[in-house]
Peer 1: 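Sharing a structure, written as structure tokens. Questions coming.
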Amino acid sequence: MKKTIIILLFTIVIISCSKEENKTPIIYGEENPLNGFLSQLFYYEETYTYINELGGIAQVGMSFTPLVKGKINAIVVKIPSVNNNLKVAIWDKQTRAKLRVEYLNVTSANSFITKEITPLELTKDKEYVITMFSDDYYARNRTDNAVGEFPVISGNIKMTKSVTGEGETELFPLSGSGNQYFGDCSFNFQQTE
């Protein structure tokens, strides 16, 4: 009887271990939240192009919170000029520390340029900021110039604000506009669990 129970327990352990080993992990697709963000706020209705208008570099972008644990696999930008050294920074909003700085070679004006990066892990429900440093960018707003209501959810990303700041000093971007989005600076996000 003891031998039968031991064999039975051993068989159960082997079967349960083999089920664990055969479990295939889920691989989620990438998502870029920018289009969803712009369309929900109607910031696609009017677009203005700025080229060398401020007389200096500005920071433009957005603050956001992932709704799930994930990672940024690529930076995506669109600007109205060629720039072989466009700087993009990703910040921790709470500590104001730069988490990552990437340089993109924008070879074509008015086209989305994607640069794959070493994945940057993001924590669920933690707020981040992404900005690009440029004197050439777009300003997008509604035809009625109404203020967009934040936050806006696009896929697994919650956009919390449009952000701007001075690029010459490279300080954390402190301000933003409620009725415009300055960019286009975004990313490809992939859920990891």
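Here the structure is a predicted model, which means the values were calculated and not measured. Values reported hereafter were calculated over all heavy atoms of this structure, with side chains retained and with hydrogens, waters and symmetry mates removed.
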Peer 1: List the residues meeting side-chain hydrogen bond (donor to acceptor under 3.5 Å, both in side chains) with Ser108, not counting sequence neighbours, and say none if there are none.
Peer 2: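 Per chain and number, Ser108 pairs via side-chain hydrogen bond (donor to acceptor under 3.5 Å, both in side chains) with Ser111.
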Peer 1: Please go through Val82's hydrophobic cluster and name the other residues, only I, L, V, M, F, W, Y counting, with side-chain heavy atoms under 4.5 Å joining them.
Peer 2: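 Under the 4.5 Å side-chain rule, Val82 groups with nothing.
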Peer 1: Count the heavy atoms belonging to other residues, nucleotides or ligands that lie under 6.0 Å from NZ of Lys126, then report whether that count exceeds 12.
Peer 2: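 Count over threshold, so yes.
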Peer 1: Would you say Tyr103 ends up clustered with Met132 if hydrophobic residues are merged whenever their side chains have heavy atoms under 4.5 Å apart, either directly or through other cluster members?
Peer 2: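 They do not share one cluster, since no chain of ILVMFWY contacts under 4.5 Å joins Met132 to Tyr103.
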Peer 1: Would a single hydrophobic cluster contain both Leu171 and Val163, if residues Ile, Leu, Val, Met, Phe, Trp and Tyr are joined by side-chain heavy-atom contacts under 4.5 Å?
Peer 2: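 No; Leu171 is not reachable from Val163 via cluster members.
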Peer 1: Over 60° means perpendicular and under 30° means parallel, so classify the ring planes of Phe37 and Phe150, tilted if in between.
Peer 2: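 The arrangement is tilted - the two ring planes meet at 30° to 60°.
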Peer 1: Kindly say whether Tyr28 contributes a backbone atom to a donor-acceptor pair with the side chain of Gln190 at under 3.5 angstrom?
Peer 2: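 Judged by distance alone, yes, a pair lies under 3.5 Å.
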Peer 1: With a 4.5 Å cut-off on side-chain heavy atoms, are Leu86 and Ser134 touching?
Peer 2: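 With C-beta onward as the side chain, the pair touches.
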Peer 1: Please step through side-chain contact (heavy atoms from CB on, under 4.5 Å) for the pair Met62 and Ile130, ending with a clear verdict.
Peer 2: CA-CA 6 Å; Met62 67 180 104; Ile130 185 168; 3.8 Å; yes
Peer 1: Would you call Phe189 and Lys71 a side-chain contact if the rule is heavy atoms closer than 4.5 Å?
Peer 2: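 Heavy-atom side-chain distance check fails, nothing below 4.5 Å.
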Peer 1: Report the residues that fulfil side-chain hydrogen bond (donor to acceptor under 3.5 Å, both in side chains) with Asn83, sequence neighbours left out, ordered by chain and then residue number.
Peer 2: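 With sequence neighbours excluded, Asn83 shows a side-chain hydrogen bond (donor to acceptor under 3.5 Å, both in side chains) to no residue whatsoever.
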Peer 1: Is a side-chain donor or acceptor of Asn52 paired with a backbone partner of Asp135 at a separation under 3.5 angstrom?
Peer 2: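 Not a single qualifying donor-acceptor pair exists.
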Peer 1: Taking Ser186 for the side chain and Asn32 for the main chain, is one N or O donor matched with an acceptor at less than 3.5 Å?
Peer 2: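 Not confirmed, Ser186 side chain does not pair with Asn32 backbone.
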Peer 1: For Ser175 and Thr164, indicate whether the former's side chain and the latter's backbone hold a donor-acceptor pair under 3.5 Å.
Peer 2: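 Looks like yes, one N/O pair under 3.5 Å.
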Peer 1: Scan the side chains in residues 152-159 for donor-acceptor partners under 3.5 Å anywhere in the protein, sequence neighbours excluded, and list what turns up.
Peer 2:
residue	atom	partner	partner atom	Å
Ser154	OG	Pro33	O	3.1
Asn156	ND2	Glu31	OE2	2.9

Peer 1: Determine the interplanar angle of the Phe182 and Tyr50 rings, folded into 0 to 90°, and report it as parallel if under 30°, tilted if 30 to 60°, perpendicular if over 60°.
Peer 2: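 Because their plane-to-plane angle lies in the 30° to 60° range, the rings of Phe182 and Tyr50 count as tilted.
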Peer 1: Do any pairs count as a ring-ring contact (aromatic ring centres under 6.0 Å, His included) and have a residue in residues 62-97, sequence neighbours left out, and if so which ones?
Peer 2: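 Matches after skipping sequence neighbours: Phe64-Tyr128, Phe64-Phe187, Trp91-Phe172.
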Peer 1: Answer yes or no: is there a donor N or O on one side and an acceptor on the other, between the side chain of Arg140 and the main chain of Gly183, under 3.5 Å?
Peer 2: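 Pair absent, no side-chain N/O of Arg140 close to backbone of Gly183.
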Peer 1: Applying side-chain contact (heavy atoms from CB on, under 4.5 Å), can you list everything that pairs with Thr143, at least two apart in sequence or on another chain?
Peer 2: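 For Thr143 the side-chain contact (heavy atoms from CB on, under 4.5 Å) partners, ignoring immediate neighbours, are Glu45, Glu46.
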Peer 1: Evaluate the side-chain contact (heavy atoms from CB on, under 4.5 Å) criterion for residues Val76 and Leu34: first the C-alpha distance (whole Å), next the side-chain angles of each, then the deciding distance (0.1 Å), finally the verdict.
Peer 2: CA-CA 9 Å; Val76 182; Leu34 183 61; over 6 Å; no
